[in-house]
Structures are given as structure tokens and as C-alpha cells.
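These notes concern the structure reproduced below.
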Amino acid sequence: MQTLHAAFSAKIDAVLNALEMEGHLPPGASRAGVTVEPPRDPSHGDLATNAAMVLAKQAKTNPRALAELIVEHLKREPDIAEAEIAGPGFINMRLANDAWRRELASIASLGEDYGRSTIGAGTTVNIEYVSANPTGPMHMGHCRGAVVGDALAGLLEWAGYRVTREYYVNDAGGQVDTLARSAHIRYREARGEEVGEIPEGLYPGEYLKPIGERLAQEFCDTYKNADESEWLALFRERAVAAMMDMIRADLALLGIHHDLFTSEAELQAAKKPEQAEAWLRGKDLVYDGVLEAPKGKAPPEDWEPVELPLFRSTQFGDDQDRPIRKSDGKWTYFGADLAYHFQKADKADALIDIWGADHAGTVKRIKAAVAALTQGAGRNVPFDVKLVQMVQLMRNGEPIKMSKRSGNFVTIADMVEEVGKDVVRFTMLTRKPEAQMEFDFAKVVEASKDNPVFYVQYAHARIRSTMRKAGVKPSGENLDRLGNAELALVREAAQFPRVIESAAKAREPHRIAFYLGDLAGAFHGFWNAGNDDTSLRIIQEDEPELTSARLYLADAIGQVIRNGLAILGVEAVEEM
RNA sequence: GCGCCCGUAGCUCAGUCGGAUAGAGCAUCAGAUUCCUAAUCUGGGGGCCACAGGUUCGAAUCCUGUCGGGCGCACCA
């Protein structure tokens, strides 16, 4: 299904072909810069093209002269009501009302598929997001990346990509040993021991108590006084599994479900990092060298130069070569991550990682690794890292203090319970992800038009309630009864497919949220006009034909809102 | 010191592939709101797009530099 805007782009293209035939344009003139898009100022019309300005030089004429030739052709198109030259050589077009009525009918017939695009062409995209360490419940720090990643996944699916939602489980580093030790204390506690204060450096959170109890049930006193070497691996496995169950449950509260959980420990057991290292050494991209001392601050007390296997990330734009193994021979996080990305790149046409901004410093090295591994193997796998900035939690304008040390932090479960899944998801998408944001518990639940979640959902609820109240059914039979005010709404709704495509290309799901705010605003405006002028109200008791045509319109607006919300994973409510 | 992100109205923020007179909400000011589908509506004022150069028909947008804010700069994860 071709979108309205694509159809008109094609018309412009056809006109340019005709001009080539007529000799007004040199054959094969580059149309790279030609755009056909709605002008920012609606008084300029529905669509505008810069074709004349871009091509004037190649046609060896001035923009306005070329524009006149183009306009002549455009005027023959029945769907183009007006075409005129403006400013330095823009061509502004107003579409025939029938074109908008047909678009309205197409919203109705495509229904919940309206806005789907095929620009992804079935290529596979792997999106890795959340990937929180399995050492505790999900808290606020993870929330934004989780929502942005999930909404991006939904968006790309709508745009015709085949998406894998992946979670990388960091179950191989020192932090999971710490988890196992913390669980061991809770286990001893559950066996009746007085453990007192949790020692510095271990996880103090209450959430480990149930795990201790389960371990106590399973193992009784077997490991109570045993040496760490006897229980560490076992407790680690049990505790990580329990943490992952908890994390999955937290994510489910947000409506997030990953397709794939990849374990770092399994990856290492399968010798993937060794394979990557061997391959990179073969290409001289890993060598044994001495790491430079940390810059910008006094080197740590125990700093001494050590020879380590280093990856030549500087060859790919990083600031320094990075170690893939530690001096004890174990893999660094980067070493394992490198192998992990190689594995992902093997199975997808494109990779996207969603990371917290605190990992910004490691973007270059992992991009370098992916470039080395894929390009070296003769493949080109586009790889994007999306950095998501921190969220400052507020309540009534006051920042909420959190301290991980004391185990006092706001969990996702707390948030969802207090404000609801839809509010959390939508609010996280009301700012571009790379900008810092505040999340005020008081503001996000406010039922007023200052609150975008409410504003959009209220528009949908209003539409649904009107449908319920009307005595007649919506009908596309008498769309010629719809006038300018109604068609203006269709214009806004018709932007939806374009918004999807541009948001998908830019990988920016927040654009959908902003668009829905605009669409809801247009609908509320239309509704409010009915307060002053009763003839503009949707339901006209003595005019069933007009009523059913307006219901048809309202239904279509509701459909677009539902589709947009569905992409973002937010419910469209029936009433409020 | 280095790297990355950000800097747009008093405030919170949009701004599509470089496009025309830079937008929205809040706040503010002036009106409307007996009825009605009102968890309001209409209109006004408010801008050195941080600053300085550059690229070009055209720059908030791209490039260089400066200033300001945030994050990061382990063999941690």
C-alpha cells in the first residue's frame, strides 16, 4: 500500500521524467536533493517541493522558470487542486478534497494496519536493551532504556523490519560472585544464624531474603560453614536464575518481553571469546602490549605497567587500544562483549544497542570491535548505539534522593504501581532520549491537558464515547458532506505513515509520542469548535447522513491514535 | 587534560533529508464561558536558536573554534 505522500512524490517524479523527455531537463539529472513534503506553514498548502530550486542549475535556467514548467504539468493532475510558485522557487500544492476523502476511506479500510510500512523490507534488526546486571530488581535507572528500546522495537516492526528483542545477561563477572556471597549470608540467616549488618561491598537489599530461604530449604545446613569454593558457583547459578525471574517479572509489568536472553557465562563456556581473539590475532588486530596509565587524574596507587592482550581499537577511531583479558587471564567485560557482538552480527542485518549514558565511554571501542569483526569478514552490519540519558525522579518539584548503598531506591515495580504502566511508558517517550529528563510523580498523573498521556488518551476516550452515544453507525457513504474543518483533521491523520517512516529511519520512537499529541490536539480543537458552533458537533440529531460521515471521521482518528499507542505499547482507553 | 551528549521564548520542550515569517504547552496579559460534547475556549505580547567564523541559492540543522551544563575516562561492569 502506497502512502499518500509517496503517491504524490511519484507524481512529481513523473513530471520530471516528462520534462526530461521534452528536453527541459538534461537526461539523468540528479534528483538527490528533491523533496516532496508538507510545508511547515500550512497556509502554504498541503505539499511543497523544492524540485525547481534543486534542478535549476542542472537545467541551466533559473528556479522560477523551471518551476513554471513543472506547475504546468501539475495542474493537469486531477488530485492537485492548486499548484503555485512561491518564494525563491518552491512549488506549493493543494490537494483536491477528494484526495483527502479517499485517504480517510483508506484509514478505515486498513484499520489497525494503517501506517504500517515496508521500508524495512524484511531485514532483520537485533535490538539489545535493558541488559541490567542480574544482581537486583529493576530500578528507575533501567526504566527509560527499557521503554525506549521496546518502543523502538515496536516501531521498527511496524516499519517492516524483523526484530529480535535481546537481553544480555552479565552473569560472568565479579558482581555475580558478590551476589552469590550476599545470597549465602541470607541463606545462613534463613538457617537461623544471627548475621547482623550486611558487610560493606555486599548487596544489602531485602530482596535477597526469599532467595536465602529457598536455598535454606534446598540445602539445609550443607553449606552453612563450608568453604566458599564449595558453594560459590552453585549459589551464583541459583541466585542469578532467581534474579532473572524477578527482572522478567518487573519487565512484564511494563509490558516488555524479550525474545532472547543471552548468557555471558554460556558464551564464555562455548569459547566464543577465544575464537574471536584467535581470529583477531590472525589479522593482527589483537597484540600483546602495555596499557597506558589512566589519564586526567593521578594514577591509582597500585598502578603498574602490565602486558595484556590489546585490541587495536585505535585503528577504528577509539582513543586507545583496549584490553580483552585481565592479567589473571580472565576475559574483561569488553573481551566477552566483543565476542557477544560478533555472535549477534552473525545473525542479523543490523544491530542496535540501547545503553545508559554512563556507558558512553565504551561506545567507541565496541563500535570498533564490530567494525573490525564484520568488515574483516567481508560483511557490513550497521551498528548503532543509542545512549539514553538519566532520569531525575521528582515529587512535587523536589528531587527524590536515592542511595543504592542503603538499598533505598525506587524500583520499577514501585513506579508502575503508583502511576501505571501506560503513564510510565508514554512519559519516558515525551523527550528525546539523549536529553536529560525529569519524571515528577505528581505531574504525570495529573488529569489535565498539560499532561500529554492524559491528553492523548482523553481524545481517544472522547471518540469512543461519542461512538457509543450516537444513534447511527459510522459510514463512508457520504464523505462529501465533510467540509474543511473535518478534512483538516484528515490531513493531520494522514501524516501518520510519514511519521512512522521518518521515525523508523531516525530510530526515534519519541516522534510518535509527539505526533500523537499533535493529532489529539487537532481533534480536541475540532471538538471544542462544536462548543461555540453547534453545527460543527459530530452528532447532529436531525441529520443522520452527516452524523454518520463525521462518526466515520472520528472513528478513523481514533484508529490512528490506537495504532500509534500500540506501537508505543500504551493502551488506548475506552473511557476515563 | 581527553571523549561523548546537551545548549531554541520567563519555564518545560518539539523542530523531518539543509527550505519559506523558528513552533507547542505552561506562565503572563486581554476577552469568552446561563445553553452545550467544557477534567475549559479565543486572542495578544514574549526569540541574538549560547557565541564567533565557515560551507551555499538557502543554516537552529552541516563543518571549525570558543563558552556554559551533564556523563564518562579501570585489567570494574
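These values consider heavy atoms only, across backbone and side chains, with no hydrogens, waters or symmetry-generated copies. Residue numbering restarts at 1 for every chain, and letters A, B, ... go by the order of the sequence lines.
Under the 4.0 Å criterion applied to side-chain N and carboxylate O atoms, Arg550(A) and Asp555(A) are not assigned as salt-bridge partners.
Protein atom CG of Asp319(A) is 17 Å distant from nucleotide atom P of G72(B), rounded to whole Å. Straight-line distance from the OH atom of Tyr515(A) to the C1' atom of G25(B): 19 Å, rounded to whole Å. A straight line from NE2 of His5(A) to P of U16(B) spans 16 Å, rounded to a whole angstrom. Between the CD1 atom of Ile366(A) and the C1' atom of G3(B) there is a distance of 17 Å, rounded to whole Å.
Within the 4.0 angstrom heavy-atom criterion, only backbone atoms of the sugar-phosphate kind lie near Lys432(A); the bases stay farther away. Among the heavy atoms of the strands, none lies under 4.0 Å from Tyr455(A). Contacts of Thr35(A) with the nucleic acid, taken as non-hydrogen atoms under 4.0 Å apart, include base atoms. As judged by a 4.0 angstrom heavy-atom cut-off over every strand, Pro39(A) is placed among the base-contacting residues.
In this structure, Lys326(A) reaches the A77(B) phosphate: one of its side-chain N or O atoms is under 4.0 Å from OP1 or OP2. The side chain of His510(A) contributes an N or O atom lying less than 4.0 Å from OP1 or OP2 of G15(B). Look at Tyr458(A) and you'll find a side-chain N or O under 4.0 angstrom from OP1 or OP2 of A39(B). At U37(B), none of the side-chain N or O atoms of Arg537(A) fall inside 4.0 Å of OP1 or OP2 (strictly under the cut-off).
Between Val456(A) and Ile561(A) the shortest heavy-atom distance is CG1-CG2, 3.9 Å. Scanning both residues, Met246(A) and Gly136(A), for their nearest heavy atoms gives CE-C, 3.9 Å.
Remark: the Asn92(A) side chain and the A20(B) base include a donor-acceptor N/O pair separated by less than 3.5 Å. With hydrogens and angles left out, the side chain of Ser327(A) and the base of C75(B) share a donor-acceptor pair within 3.5 Å.
No side-chain donor-acceptor contact under 3.5 Å links Asp353(A) and Tyr168(A). When only modelled atom types and interatomic distance are considered, Ser117(A) and Glu501(A) share a side-chain donor-acceptor pair under 3.5 Å.
Ring-base stacking between Phe90(A) and A20(B) is satisfied, the centre separation being under 5.5 Å and the plane angle under 30°.
Nucleotide A52(B) has U64(B) as its partner under the Watson-Crick or G-U criteria, with both atom distances under 3.5 Å. Nucleotide C4(B) forms a pair with G70(B), judged by Watson-Crick or G-U wobble geometry with both contacts under 3.5 Å.
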